[in-house]
Amino acid sequence: MKIEEIDRNFKISTVGEKEIVYFNALEKPFRLEGFPWYPQHHRLYRLPEHFTLQHVNQGELDLAQHTSGGAVRFQTDAREIAIRAKLVFSFDMNHMPRTGSAGFDLFRGIGREKFHIASAQPNRDQEVLELLLIADNDAGMQEWMLNLPLYGGVGSLEIGVNPGAVIKPPSPHKIPKPVLFYGSSITQGGCASRPGNAYTSMLCREVDAEQINLGFSGSARGEFPLAEAIGDLELAAFVMDYDHNAPNPEHLRKTHEPFFRIIREKQPELPVILMSKCDIWNYKKRKDDEERRTIIRTTYEHAVASGDRNVYFIDGETLFGPTHRSWCTVDSCHPNDLGFFRMFEHTLPVLEEALKKYR
């Protein structure tokens, strides 16, 4: 009997003209990131498995199956690197490239030295994506990170390498705990051209931290059970940005400060960044945009007045910069890659200050 008949990890496949051996990327020595409750239920799901409509709304339950913020990290000396993934729950949107909504992108390097190497773009309604990402690599042992889709789900994921290649666990992050983002479609990554271009991904690469992305398009509404669940996680920082999804200012007023307080009571020293919506600059600026910003700033001011020295406020009107703001979106709301880069630039100094104890 051949070894590949006993252990499927030794089975050699061909991708194009290359011989490839596949391994389950959700198991060691690979490191799966971005799914804090994964050990509980062993599927790529961004909420606690026990959550129902008693805890959050249906939109969040559905979008939790999307893999925004998810990543697989590893080291290898492979000459060839391939991906084989079963795709589920994919959205095909008319204002976002499929490389972002349902695609993967691969980075090489550590921390801010990571750089983009390749992307995997599935076809419409493709169920299994198998693709050679790297061919004839001669860089030796390197660190790699594969970002998962922003608006799609992954049922299974395998990383393939040439026969004889060594795969090792990745190096630890510089920041030992994750940075968690909670918010809207913009937080989830709409409409980045690929997963690594979401501002949350840019930030976590730059500071070298794991990302947990709890952005839920149109659905994050400050539900208190989710605040309780977030408060139970070990985090380096928390970014709170669900302004867009609050149906009206009154809803935001009733939920914003209580949501923050639940987390603060559980973690008195956790750095928390409160952010208002990034498209308040729009020429159709509504009165409630100003009201929403005031509500968020008030949460911040109340915290500071009570002696909190680990809370920060970012005025969303500054996020796209002082000029050419209208160049930063695809639809006067969702950022394009330029918009996300500017959000990254304006948020980074605040996040670095929040993480200063790790310097």
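FYI, the numbering just counts along the sequence from 1. Bear in mind that the values here come from a model prediction, so they are computed numbers and not experimental data.
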Practice task
Taking side chain to side chain contact (heavy atoms under 4.5 Å, CB included) as the test, write out the residues that go with Ile262, two or more places apart.
Solution key: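 Scan of Ile262 (side chain to side chain contact (heavy atoms under 4.5 Å, CB included), adjacent residues dropped) gives Phe224, Ala227, Glu228.
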Handout entry: Spatial distance of atom CD1 (Ile186) from atom CG (Asp241) [nearest 0.5 Å]
Key =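 Result: 7.0 Å between the selected atoms.
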Handout entry: Atom of Ala229, atom of Pro48 and distance for their closest heavy-atom approach
Key =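 Shortest heavy-atom contact: CB-CG, 4.1 Å.
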Handout entry: Joint cluster assignment, Phe30 & Tyr38, ILVMFWY side-chain distance < 4.5 Å
Key =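 Yes: a chain of side-chain contacts under 4.5 Å links Phe30 to Tyr38.
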Exercise for the section: To the nearest 0.5 Å, tell me how far Phe238 CZ sits from Ile212 CD1. Expected result: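 It comes to 11.0 Å.
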Practice task
For residues Pro178 and Glu234, report the shortest heavy-atom separation together with the two atoms involved.
Solution key: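 The pair with the smallest heavy-atom distance is CD-O, 3.3 Å.
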Handout entry: Arg46 (side chain) donor-acceptor with His66 (main chain) under 3.5 angstrom
Key =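 Indeed, once roles are kept as given, a pair shorter than 3.5 Å links the two residues.
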Problem - Leu133 and Leu146, any side-chain heavy atoms less than 4.5 Å apart - result: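 In contact.
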Handout entry: Value rounded to 0.5 Å, distance of CE in Met240 from CD1 in Ile273
Key =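 Answer for the CE-CD1 pair, Met240 versus Ile273, is 12.5 Å.
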Exercise for the section: Share the residues that join Val166 in a hydrophobic cluster, the rule being Ile, Leu, Val, Met, Phe, Trp or Tyr side chains under 4.5 Å apart at the heavy-atom level. Expected result: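 Noted: Val166 shares its cluster with Met141.
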Exercise for the section: Report yes or no: does Asn245 contribute a side-chain atom to a donor-acceptor pair with the main-chain N or O of Ser219 at less than 3.5 Å? Expected result: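 At least one qualifying donor-acceptor pair exists.
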Handout entry: Lys277 NZ to Asp289 CG distance, which is reported to the nearest 0.5 Å
Key =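 The CG atom of Asp289 is 4.0 Å from NZ of Lys277, to the nearest 0.5 Å.
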Practice task
Give a yes or no answer on whether the side chain of Thr187 reaches the backbone of Gly215 with a donor-acceptor pair at less than 3.5 Å.
Solution key: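 Answer holds: no.
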Problem - 4.5 Å side-chain heavy-atom contact, Thr99 and Asp105 - result: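 They are not in contact (no side-chain heavy atoms under 4.5 Å apart), so the answer is no.
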Practice task
State, to 0.1 Å, how close Phe181 and Cys204 come at their nearest heavy-atom pair, and which atoms those are.
Solution key: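 Result for this residue pair: CE1-SG, 3.7 Å.
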Problem - Side chains of Asn213 and Gln211, donor plus acceptor under 3.5 Å - result: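 A donor-acceptor contact under 3.5 Å links the two side chains.
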Problem - Sub-4.5 Å side-chain heavy-atom contact between Val161 and Phe74 - result: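 No - every pair of side-chain heavy atoms lies 4.5 Å or more apart.
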Practice task
Kindly state each residue pair satisfying ring-ring contact (aromatic ring centres under 6.0 Å, His included) with at least one member in residues 99-133, sequence neighbours excluded.
Solution key: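 Every ring-ring contact (aromatic ring centres under 6.0 Å, His included) pair that includes a residue of residues 99-133, provided the two are not neighbours, is Phe107-His116.
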Practice task
Using side chain to side chain donor-acceptor pair (under 3.5 Å) as the criterion, list what pairs up with Tyr242, not counting sequence neighbours.
Solution key: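 Applying side chain to side chain donor-acceptor pair (under 3.5 Å) to Tyr242 gives Thr255.
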Practice task
Tell me whether Leu61 is reachable from Tyr182 by hopping between hydrophobic residues (I, L, V, M, F, W, Y) whose side-chain heavy atoms are closer than 4.5 Å.
Solution key: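 Same cluster: Tyr182 reaches Leu61 through Ile, Leu, Val, Met, Phe, Trp or Tyr contacts under 4.5 Å.
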Practice task
Kindly give the heavy-atom pair with the smallest separation between Pro225 and Phe51, and that separation in Å.
Solution key: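 Looking at all heavy atoms of both residues, the shortest contact is O-CZ, 3.6 Å.
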Handout entry: Under-4.0 Å salt bridge between Arg292 and Asp288
Key =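 A salt bridge links Arg292 with Asp288.
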Handout entry: Beyond-backbone contact of Lys18 with Asn162, side-chain heavy atoms, under 4.5 angstrom
Key =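 Lys18 vs Asn162: side chains apart.
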Exercise for the section: Name all residues meeting the side chain to side chain contact (heavy atoms under 4.5 Å, CB included) criterion together with Ala305; count only those two or more places apart in sequence or in a different chain, and write none if there are none. Expected result: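 Here no residue qualifies.
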Handout entry: Val72 vs Leu157 side-chain heavy atoms within contact, under 4.5 Å
Key =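 Yes. Closest side-chain heavy atoms under 4.5 Å.
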Exercise for the section: Sort and list the pairs that fulfil side-chain hydrogen bond (donor to acceptor under 3.5 Å, both in side chains) and have at least one residue in residues 166-175, not counting sequence neighbours. Expected result: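 Passing the test, one end in residues 166-175: Glu33-His173, Arg73-His173, Glu143-Ser171, His173-Asp208.
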Exercise for the section: Output the distance between atom CG (Leu63) and atom CZ (Phe216), rounded to the nearest 0.5 Å. Expected result: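 Here the rounded value is 7.5 Å.
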Exercise for the section: Please indicate whether Gln54 has more than 12 foreign heavy atoms, meaning atoms of other residues, nucleotides or ligands, lying under 6.0 Å from its CD. Expected result: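 No, CD of Gln54 has 12 or fewer neighbouring heavy atoms, counting only those of other groups under 6.0 Å.
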Exercise for the section: Could you pull out all residues at least two apart from Phe341 that satisfy side chain to side chain contact (heavy atoms under 4.5 Å, CB included)? Expected result: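 By the side chain to side chain contact (heavy atoms under 4.5 Å, CB included) rule, Phe341 matches Met202, Phe344, Glu345.
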Practice task
Could you tell me whether Glu60 and Arg221 make a salt bridge, using a distance below 4.0 angstrom between a side-chain N and a carboxylate O?
Solution key: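 Judged by the 4.0 Å cut-off on N to carboxylate O distance, Glu60 and Arg221 do not form a salt bridge.
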Handout entry: side chain to side chain donor-acceptor pair (under 3.5 Å) against Arg309, all qualifying residues, sequence neighbours excluded
Key =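 Per chain and number, Arg309 pairs via side chain to side chain donor-acceptor pair (under 3.5 Å) with no residue.
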Exercise for the section: Answer yes or no: is there a donor N or O on one side and an acceptor on the other, between the side chain of Gln267 and the main chain of Glu269, under 3.5 Å? Expected result: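 No; judged by distance alone, with no hydrogens or angles, the pair does not exist.
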Exercise for the section: Mind checking side chain to side chain donor-acceptor pair (under 3.5 Å) for Lys177 and listing every partner two or more places apart, or none if nothing turns up? Expected result: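 Testing Lys177 for side chain to side chain donor-acceptor pair (under 3.5 Å), a comparison that skips the adjacent residues, returns none.
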Exercise for the section: Answer yes if Met145 and Ile175 sit in the same cluster of Ile, Leu, Val, Met, Phe, Trp and Tyr residues linked by side chain heavy atoms under 4.5 Å apart, and no otherwise. Expected result: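 As far as the 4.5 Å side-chain criterion goes, Ile175 and Met145 are not connected within one cluster.
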Exercise for the section: Give a yes-or-no answer on whether the side chains of His256 and Thr299 include a donor-acceptor pair shorter than 3.5 Å. Expected result: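 The criterion, which ignores hydrogens and geometry beyond distance, is satisfied for Thr299 and His256.
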Exercise for the section: Spell out, as yes or no, whether a donor-acceptor pair under 3.5 Å connects the side chain of Glu206 to the backbone of Leu203. Expected result: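 Not a single qualifying donor-acceptor pair exists.
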Problem - Closest non-hydrogen atom pair between Gly196 and Ser201, with its separation - result: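 Looks like O-CB, 3.8 Å.
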Exercise for the section: Find the distance between OH (Tyr300) and OG (Ser276) and round it off to the nearest 0.5 Å. Expected result: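 One gets 13.0 Å once the value is rounded to the nearest 0.5 Å.
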Problem - Partners meeting side chain to side chain donor-acceptor pair (under 3.5 Å) with Asp308 (sequence neighbours left out) - result: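 Testing Asp308 for side chain to side chain donor-acceptor pair (under 3.5 Å), a comparison that skips the adjacent residues, returns Arg264.
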Problem - Linked, directly or transitively: Leu233 and Leu270 (ILVMFWY side chains, under 4.5 Å) - result: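 Yes; tracing contacts between hydrophobic side chains, which count when under 4.5 Å, links both residues.
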Exercise for the section: State, yes or no, whether a side-chain contact exists between Arg108 and Ile134 at a heavy-atom distance under 4.5 Å. Expected result: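 SC-SC contact between Arg108 and Ile134 ruled out.
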Practice task
Would you check if the side chain of Ser326 reaches a backbone N or O of Ser332 as a donor-acceptor pair within less than 3.5 Å?
Solution key: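 Flag not set: sc Ser326 to bb Ser332 has no pair under 3.5 Å.
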Handout entry: Co-membership, hydrophobic cluster, residues Ile110 and Leu32, 4.5 Å side-chain
Key =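 The answer is no; the residues belong to distinct hydrophobic clusters.
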Practice task
Please name the residue in the list Thr298, Ile295, Ile296 that meets the side chain to side chain contact (heavy atoms under 4.5 Å, CB included) test with Arg253.
Solution key: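 Going through Thr298, Ile295, Ile296 one by one, the side chain to side chain contact (heavy atoms under 4.5 Å, CB included) with Arg253 is satisfied by Ile295 alone.
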Practice task
Could you list the residues that satisfy side chain to side chain contact (heavy atoms under 4.5 Å, CB included) with Ser101, not counting sequence neighbours?
Solution key: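 For Ser101 the side chain to side chain contact (heavy atoms under 4.5 Å, CB included) partners, ignoring immediate neighbours, are Met93, Met96, Arg98, Tyr151.
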Exercise for the section: Starting from the C-alpha separation in whole Å, work towards a yes-or-no answer on side chain to side chain contact (heavy atoms under 4.5 Å, CB included) for Phe35 and Leu148. Expected result: CA-CA 11 Å; Phe35 302 92; Leu148 277 56; 4.3 Å; yes
Practice task
Please examine the side chains of Leu319 and Met275, heavy atoms only from C-beta on, and report whether any two atoms are closer than 4.5 Å.
Solution key: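 Touching, per the 4.5 Å side-chain cut-off.
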Practice task
Find out whether Leu351 and Val207 are in side-chain contact, i.e. whether some heavy atom of one side chain is under 4.5 Å from a heavy atom of the other.
Solution key: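 Yes. Closest side-chain heavy atoms under 4.5 Å.
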Exercise for the section: Can you sort out the partners of Glu352 under salt bridge (charged side-chain N to carboxylate O under 4.0 Å, His left out), two or more places apart, ordered by chain and number? Expected result: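 Listed in chain order: Arg112.
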Handout entry: Where Ala192 and Leu150 come nearest, the two heavy atoms and their spacing
Key =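 Closest approach of Ala192 to Leu150: CB-CD1, 4.1 Å.
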Exercise for the section: Check the surroundings of atom CD in Glu127: do more than 12 heavy atoms from other residues, nucleotides or ligands lie under 6.0 Å from it? Expected result: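 Counting other residues, nucleotides and ligands, CD of Glu127 stays at 12 neighbours or fewer.
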Handout entry: His334 and Ser185 side chains, donor-acceptor separation under 3.5 Å
Key =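 Yes - a donor-acceptor pair under 3.5 Å links their side chains.
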